Number of protein chains: 2
Amino acid sequence: MREGPDIARIASLVGDPARANMLNALMGGTALTASELALEAGVSLPTASSHLSKLMEGGLLTLASQGRHRYYGLASAQVAGMIEAIIGVAEAVGPKRVRPGPRDAAMRVARVCYDHLAGEQAVAMLDRLFDRKLLLREDNEIRLAPSGASHFTALGIDIHAKARRPVCRACLDWSVRRSHLAGTLGAAILDKIIAEKWARREKDSRAVVFSPKGRQEFERMFLA
Amino acid sequence: MREGPDIARIASLVGDPARANMLNALMGGTALTASELALEAGVSLPTASSHLSKLMEGGLLTLASQGRHRYYGLASAQVAGMIEAIIGVAEAVGPKRVRPGPRDAAMRVARVCYDHLAGEQAVAMLDRLFDRKLLLREDNEIRLAPSGASHFTALGIDIHAKARRPVCRACLDWSVRRSHLAGTLGAAILDKIIAEKWARREKDSRAVVFSPKGRQEFERMFLA
DNA sequence: CGCATGGTTCGATCCTCATCGAAGCATTCC
DNA sequence: GGAATGCTTCGATGAGGATCGAACCATGCG
């Protein structure tokens with residue numbers, strides 16, 4: 001009964017929610033580590049690792065080891081194209097969009113992504129930082145502008161707090177499907193938001209909820 | 001954690017072997033009945049029915065009721081395109097082609113498809129019947145030529161044995177991915193092959209195994 | 001060297017879902 | 001109407017696989 005290509009095998013790899021989330025997160029083109037993918041998928045590290053082995057074995061991912069980090073990325077543009085095609089069908093047949101619960105709504109606005117902020121707020125912030133020339137786009141990379149370095153330092157944000165990681169990195173946003181800011185700067189900004197008590201993390205969730213005053217402060221500093 | 005389109009849902013629909021086989025069978029563009037799809041997928045009718053409900057609910061199929069027959073077809077070209085994309089990836093990552101067992105090899109050569117013959121033999125036969133102008137292509141349909149009618153009657157093949165079904169129909173071949181002959185004529189030819197003992201059906205399989213002498217007879221009559 | 005951190009493997013648990021037989025509908029034929 | 005055919009629903013069974021905690025490797029840091 002089996003014929004040529006085993007399409008069920010490939011499709012079932014994408015057919016698990018956790019794996020689908022990982023693949024979706026990788027659609028931005030940026031390779032991610034197992035920990036990051038575990039957080040994005042909302043599963044534990046062992047579970048994520050198991051999924052990643054399967055995706056590797058299925059030929060959907062490539063792996064680049066750098067020191068003790070292992071960066072997973074999509075194997076090819078063909079794989080990305082397949083996922084796009086599936087997304088297209090899912091969008092076409094799924095106008096039965098599930099009513100987003102309050103939790104989900106909060107997540108869409110702002111949530112933690114690994115160690116930095118994600119969601120509409122984060123995407124808007126990155127846009128503004130570009131507008132204000134505090135950050136610069138270079139190909140697919142993000143660089144800190146000279147004016148930006150002094151700016152963030154003046155705000156009390158220590159950019160080099162956690163060295164040995166890139167200062168700026170783009171990270172594709174789930175809900176908005178556009179990039180937000182990762183890297184040590186992204187992490188430092190999230191740290192400041194929490195330290196200043198502008199927002200608190202929702203328990204057992206990745207949602208980040210701003211207080212009215214905190215939101216004002218945040219918008220004044222990053223969205224102005 | 002859920003965002004817009006539920007890609008895992010769609011992918012998992014394709015990710016079951018039985019459903020994948022059904023979808024693959026429908027890639028020829030011909031709508032098929034539940035029974036035919038059950039045979040193609042190698043599952044029982046209840047199982048097939050359950051799968052078809054799921055595919056319908058997922059929006060991948062359309063249903064056209066004609067009398068007591070229910071014809072299932074792919075919902076859209078977009079769905080077909082998605083399946084093509086998945087097939088492409090499966091072919092690209094799967095040069096680890098499983099060694100075809102003897103059973104599989106036999107299936108590729110000749111097997112039963114519903115009530116008619118499929119496989120390399122069947123595809124070759126249809127080609128020859130066109131060459132000899134016993135059948136005529138008309139758009140996507142197949143018609144019995146006048147010379148064909150008398151020809152088959154002379155061979156002792158009763159074309160009208162099971163009336164109320166089209167005499168000729170194209171059916172996409174799994175292993176060869178080209179059409180073979182279905183319809184009452186296709187069924188009558190298979191009946192003759194079995195009746196003349198040119199071949200026997202493999203137990204618990206769809207494979208059709210020709211005897212050396214039977215193959216000679218068959219080739220003389222249909223592949224000459 | 002020992003410690004910390006990023007990842008994987010192992011083992012046990014649990015749950016979803018594919019499967020089929022039997023029974024039930026629906027439609028058509030006689 | 002009654003019988004036959006095509007298909008679906010129901011119920012019970014079983015297997016695959018997703019999940020996580022704990023233990024185990026590997027790499028880099030002091």
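Note that the structure is a prediction, hence the values are computed from the model and not measured. Chain identifiers are assigned alphabetically (A, B, ...) following the order of the sequence lines, protein sequences preceding nucleic acid strands; residue numbering begins at 1 within each chain. What you see below is based on every heavy atom in this structure, not just the backbone, and it leaves out hydrogens, waters and symmetry mates.
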Open item on the list: What is the separation between atom CE on B:M22 and atom P on C:dA18, rounded to the nearest whole Å?
Closed with: 11 Å
Task: Gap between atoms CG and P, on B:L55 and D:dC7 respectively (whole Å) - done: 16 Å
Task: Heavy-atom closest contact (B:A20 atom, A:A8 atom, distance) - done: CB-CB, 3.7 Å
Task: Distance, rounded to the nearest Å, where A:Y71 contributes OH and C:dT8 contributes P - done: 13 Å
Task: Candidates A:L52, A:L32, A:L60 - the one meeting side-chain contact (heavy atoms from CB on, under 4.5 Å) with A:Y72 - done: A:L52
TODO: Heavy atoms only: give me the nearest B:R70-B:L63 pair and the separation to one decimal.
DONE: NH2-CD2, 2.9 Å
Task: Separation of atom CG in A:L61 from atom C1' in C:dG7, rounded to whole Å - done: 15 Å
Open item on the list: Under the rule for ring pair (Phe, Tyr, Trp, His ring centres under 6.0 Å), what residues qualify as partners of B:F222, not counting sequence neighbours?
Closed with: B:F218
TODO: Taking A:S76 for its side chain and A:V79 for its backbone only, find out whether a donor-acceptor pair lies under 3.5 Å.
DONE: yes
Task: Spacing between A:L32 atom CG and C:dG6 atom P, to the nearest angstrom - done: 15 Å
Task: Bending between helix ends of the helix from C:dC1-D:dG30 to C:dC30-D:dG1 [5 pairs per end, 10° resolution] - done: 30°
- [ ] Give a yes/no answer on whether the side chain of A:R70 brings an N or O atom under 4.0 Å of OP1 or OP2 in D:dT27.
- [x] no
- [ ] Please state how far atom CG in A:L13 lies from atom P in D:dG17, giving the value in whole angstrom units.
- [x] 10 Å
Open item on the list: Tell me whether A:R19 contacts the main-chain N or O of A:H51 through its side chain, where contact means a donor paired with an acceptor under 3.5 Å.
Closed with: no
- [ ] Grab the CD-C1' distance between B:E57 and C:dC17 for me, whole Å please.
- [x] 14 Å
Can you name the atoms? Protein N/O to nucleotides 19-22 of chain D N/O, anything below 3.5 Å, with the distance.
| unit_1 | atom_1 | unit_2 | atom_2 | d |
| --- | --- | --- | --- | --- |
| D:dT19 | OP2 | A:H51 | NE2 | 2.4 |
| D:dC20 | OP2 | A:S44 | N | 3.0 |
| D:dC20 | OP2 | A:S44 | OG | 3.1 |
| D:dC20 | OP2 | A:T47 | OG1 | 2.8 |

Task: Phosphate OP1/OP2 of C:dT8 contacted by A:Y72 side-chain N/O (<4.0 Å) - done: yes
- [ ] Compare every heavy atom of A:I7 with every heavy atom of B:I86, then report the nearest pair and how far apart it is.
- [x] CG2-O, 3.8 Å
- [ ] Please state how far atom NE2 in A:H69 lies from atom P in C:dA4, giving the value in whole angstrom units.
- [x] 17 Å
Open item on the list: Whether the side chain of B:T153 engages the backbone of B:A149 through a donor-acceptor N/O pair (distance < 3.5 Å, no angle test) should be reported.
Closed with: yes
Task: Expected output: side-chain B:K192 to main-chain B:L155 donor-acceptor under 3.5 Å - done: yes
